[in-house]
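First up is the structure itself, then whatever we jot down about it.
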Amino acid sequence: MRRARPGAAPRGTGGSATARTRRPVGEQRALTSVEAGADFKEPGTAEVAEGDAAMSRLWHITLCVSGAETPLKEVRRGLEQLAHDHPFLLTSRYANDHAEIRYWEEARDLHDAAAVALRLWGEHRSSAKLPPWEIVGLEVIDRETYHQRIAEGYGLPPAAPVGVHPY
């Protein structure tokens with residue numbers, strides 16, 4: 001038997017039409033029942049010291065993998081499934097023995113972004129049926145550096161239009 005609050009609608013019913021109304025796109029729901037703790041400092045105020053705010057940032061990730069030759073159709077299908085499973089994937093280039101994946105990751109700092117990137121291939125290997133390749137390269141740069149490189153003509157521009165493409 002499931003325990004619930006008195007008067008609560010059963011799970012999966014969506015509640016009553018009046019209890020659940022749709023908000024316009026972009027409108028934020030206000031949390032009124034939870035107060036911030038006494039030590040909370042509003043981001044952007046003078047009270048927040050440099051480094052105190054654990055704000056996440058966008059990081060551009062380039063992950064290179066390599067291994068034994070695999071039929072191109074299998075590599076492409078695996079990368080397409082990875083793109084479906086990981087919607088922030090920008091572009092992938094591949095050959096029968098290596099691939100390069102580029103995407104944006106949101107993380108607090110470089111260490112967190114790199115840790116997530118290093119787990120990406122292994123965590124999706126079975127679900128996306130990716131080749132048993134190993135990670136041979138990783139680049140993690142912040143958004144500002146990425147755009148600066150592109151503007152100055154340095155670094156690698158986007159490999160190809162968004163999607164999965166052969167080399």
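Basis for what follows: all heavy atoms, side chains included, without hydrogens, waters or symmetry-related copies. Everything numeric in this text was worked out from a predicted model, so none of it was measured.
- Note that CG of Asp112 and CZ of Arg57 are 11.0 Å apart. Values are rounded to the nearest 0.5 Å.
- Of all heavy-atom pairs between Leu138 and Ala117, the closest is CD1-CB, 3.7 Å.
- The two residues Ala107 and Ala113 have their closest heavy-atom pair at CB-N, 3.6 Å.
- Glu80 contributes atom CD, which lies 14.0 Å from atom NZ of Lys129 (distance to the nearest 0.5 angstrom).
- Linking ILVMFWY residues whenever their side-chain heavy atoms come closer than 4.5 Å, directly or via other members, leaves Leu130 and Val136 in distinct clusters.
- A distance of 9.5 Å separates NE2 in His147 from CG in Asp142, rounded to the nearest 0.5 Å.
- Hydrophobic cluster membership differs between Val116 and Ile61, with clusters built from Ile, Leu, Val, Met, Phe, Trp and Tyr side chains linked at under 4.5 angstrom.
- Between the OG1 atom of Thr62 and the OH atom of Tyr103 there is a distance of 9.5 Å, given to the nearest 0.5 Å.
- Of all heavy-atom pairs spanning Tyr94 and Leu79, the tightest one is CB-CD1, 3.5 Å.
- At a threshold of 4.5 Å between non-hydrogen side-chain atoms, the residues Ser92 and Leu82 do not count as touching.
- Here Trp121 contributes atom CH2 and Ile101 contributes atom CD1; the two are 5.0 Å apart, rounded to the nearest 0.5 Å.
- You'll find the side chain of His60 reaches within 4.5 Å of the side chain of Leu90, heavy atoms only.
- Residues Glu123 and His86 fail the side-chain proximity criterion, which asks for heavy atoms closer than 4.5 Å.
- Distance alone, capped at 3.5 Å, places no donor-acceptor pair between the Arg143 side chain and the Trp104 backbone.
- Looking only at side-chain heavy atoms (C-beta outward), Ile135 and Leu63 come within less than 4.5 Å of each other.
- Heavy atoms only, all atoms of each residue included: Ser56 and Glu106 are closest at OG-OE2, 2.8 Å.
- Under the 3.5 Å distance criterion, the side-chain polar atoms of Arg125 are left unmatched by any main-chain donor or acceptor of Leu120.
- Residue-environment remark: CD (Glu144) stays at or below the threshold of 12 foreign heavy atoms within 6.0 Å.
- Side-chain contact between Cys64 and Trp133: absent, with no pair of heavy atoms (C-beta onward) separated by less than 4.5 Å.
- For the atom pair CZ (Arg108) and CH2 (Trp59), the distance works out to 11.0 Å, reported to the nearest 0.5 Å.
- In this structure, the side chains of Leu72 and Arg76 stay at 4.5 Å or more apart for every pair of heavy atoms.
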